[in-house]
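Just so you know, these numbers come straight off a predicted model, no measurement behind them. Just so you know, ligand 1 is whichever comes first in the structure, and atom 1 is the first atom listed for that ligand.
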Amino acid sequence: MANPNDPKDPKVAPPGGLSRGLTSYGDAGFSLFLRKAFIKGAGYTDDALGRPVIGIASTASGFNPCHGNAPALLEAVRRGVMLAGGLPVEFPTISLHESFAHPTSMFLRNLMSMDTEEMIRAQPMDAVVLVGGCDKTVPAQLMGAASAGVPAIELVTGSMLTGSHEGARVGACTDCRRYWARYRAEEIDAAEIARVNDQLVASVGTCSVMGTASTMACVAEALGMALPGSASPPAVTADRIRVAERSGAQAVALAKSRLSPADIITAKSVENALRVLLAIGGSTNGIVHLTAIAGRLGLDVDLARLDELGRETPVLVDLKPSGQHYMEDFHHAGGVPALLRELKPLLHLDAMTVTGRTLGEEIDASGPGFAQDVIRPLARPIYAQGGIAVLRGNLAPGGAIIKQSAADARLMRHEGRAVVFENAADLAACIDAEDLDVTADDILVLKNIGPKGAPGMPEAGYLPIPRKLARAGVKDMVRISDGRMSGTAAGTIVLHVTPESAMGGPLAYVRTGDRIRLDVPARHLELAVSDEELSRRRAANPVAAPTAARGYLKLFLESVTQADQGVDFDFLRPPRA
Ligand code: FES
């Protein structure tokens, strides 16, 4: 009588596939027997069950319109897997949308990464396709996959289409902020802002500018974890569906080659990804996420090195919020392969990718390119230096960053009087008060929006211009916080001040009336208060780090690291050697 688990029987799953990670019943043969019995209940044949198993991590969710095309993508991935001889098996994970996650999606990114890691590890798959897109989903998936160590390929959902308001092209979410600022300044009325609201998100897909989602899509491709050319096709295009089919087929090849995330995410590929992030004028959030992804493999992203790369790497991509175009224009201009061609002299060309070929080989295979005005040549950049600068000084001993490509050039060297808000609630209560003592030359400071402070380091670093100044025509001011800002936002905004105020960093002791000096060319951020006075303030008002009694919040507050460590949980990094 045939043994249903006999490895010599061609109908039985070969090593790997369904035989991976058996459930513990104390009898491996019985465990496999039982597993096959259950999955056969779904109508699978022995032939199907003998194929390489390709997991497909699905983040389809009614609360995530950025992934609204997921059903079509999942179907195409399944087709690609089957055409290449694999067995696709879909499974759900947490899905996070920026506007549907309270208090902030960043609070839940690490939870999603743990879910992704453990579900990849717990279920029998030879490789996995990670279908993500909205800001925190791609980093969470890459963090989880890096830790799980199973061959993985990222597939982003792609950007939304742009809409039109009274003849002007609009898209989320740079234009969301621009029109909201005009509404706050009483330049447009309630009826017009409601019409704008209908047009900002013209289709499913991720934000249409170089925000965090687009940045992470480009980072995933530059890192080698996504197919060449896969970052830019918009969500609702045939190109996007074809990328999905090819990603499924490539996952089968990965299952055979056993090329793992650790073979692809290396010090060299992380540096390539940083170069791309700088050259696209990418989101500041991308730095935090890439630090966390690299950290899962024991790799550090050194802020000093980041600043060096920033000085050497020009901004070449002319997309909002740093420039003028949208993601669909970037795609039509050739996408990441066209950018990599320009950046070639600055890249580590021997870095491996999910295709099994090196980045250099993929660049050579991408052909010569064509004339367009979205991706500039290296010799004719939009900004000679990269979009992001690293600041240090007594206000940020552990560093802070500023997206200079999206800031006002006149404020790059600025000294002003601090106007301090103790937390987000204080800001909300006071920012629009007619009697707020503030001028356009002042520097707005917001405390307690760091990793532990808010908690979750919300995107509240884009402080609004006080209403009375906005009405007077003020468009930008220096703003400083320990929080993040949306990748779609613009302004002279200093972020990620480390250590954060909730941990007793110097930011906690800034008072209204103190003088602050910002010097971006010198990479300096200085609070003009003596060390002795800061010590006096610290002794008079010591900061107690926030705590929680139970649940995920307790885990978060006890384990989350600062911005320079990626805001990951300390126990998710491998122990330092
Ligand atoms: Fe999902 Fe912008 S809200 S990408």
Side-chain angles (χ1 to χ4, degrees), residues 58-70 73 93-109 112 130-142 154-163 169-180 196-221 226 230-237 240 277 280-286 288-290 319-322 325-328 330-331 403 406 456-462 484-490:
S58 167
T59 49
S61 161
F63 287 111
N64 195 342
C66 293
H67 298 191
N69 60 337
L73 294 184
T93 71
I94 291 173
S95 185
L96 300 172
H97 183 278
E98 285 307 285
S99 293
F100 291 87
H102 175 80
T104 170
S105 61
M106 189 63 171
F107 178 62
L108 298 162
R109 183 202 63 179
M112 180 176 171
L130 306 157
V131 183
C134 194
D135 293 17
K136 305 307 177 292
T137 60
V138 172
Q141 291 181 322
L142 292 176
E154 183 70 49
L155 169 66
V156 299
T157 54
S159 61
M160 62 184 68
L161 299 179
T162 51
R169 200 175 175 203
V170 294
C173 231
T174 304
D175 298 319
C176 313
R177 292 183 167 74
R178 188 164 59 83
Y179 277 95
W180 190 250
V196 170
N197 194 255
D198 281 344
Q199 291 298 317
L200 287 166
V201 180
S203 75
V204 296
T206 53
C207 286
S208 56
V209 298
M210 193 50 83
T212 304
S214 303
T215 298
M216 290 312 299
C218 295
V219 160
E221 186 175 333
S230 66
S232 59
V236 296
T237 59
R240 173 56 56 200
L277 192 154
I280 59 181
S283 162
T284 47
N285 292 320
V288 177
H289 296 321
L290 193 51
L319 249 63
K320 288 174 186 266
S322 298
H325 296 288
Y326 294 86
M327 274 304 279
E328 54 196 276
F330 182 52
H331 181 55
K403 186 171 181 177
M457 205 181 181
E459 290 184 341
Y462 175 77
R484 299 176 300 116
M485 86 173 173
S486 163
T488 62

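- A salt bridge does not link Asp135 with Arg109: every distance from a Lys NZ or Arg NE/NH1/NH2 to an Asp or Glu carboxylate oxygen is 4.0 Å or more.
- Residues Leu319 and Met327 form a side-chain contact, since some pair of their non-hydrogen atoms from C-beta on lies under 4.5 Å apart.
- No hydrogens or angles considered: a donor-acceptor pair under 3.5 Å links the side chains of Lys136 and Ser105.
- For atom 2 (Fe) of ligand 1, the tally of protein N/O/S atoms lying closer than 2.8 Å stands at 1.
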task = Given side chain to side chain contact (heavy atoms under 4.5 Å, CB included), test Arg177 with Ser486 step by step and report yes or no.
result = CA-CA 10 Å; Arg177 292 183 167 74; Ser486 163; 3.2 Å; yes

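- Under the 3.5 Å distance criterion, the side-chain polar atoms of Glu221 are matched with a main-chain donor or acceptor of Ser230.
- A donor-acceptor distance shorter than 3.5 angstrom exists from the side chain of Tyr326 to the backbone of Arg169, with no hydrogens or angles considered.
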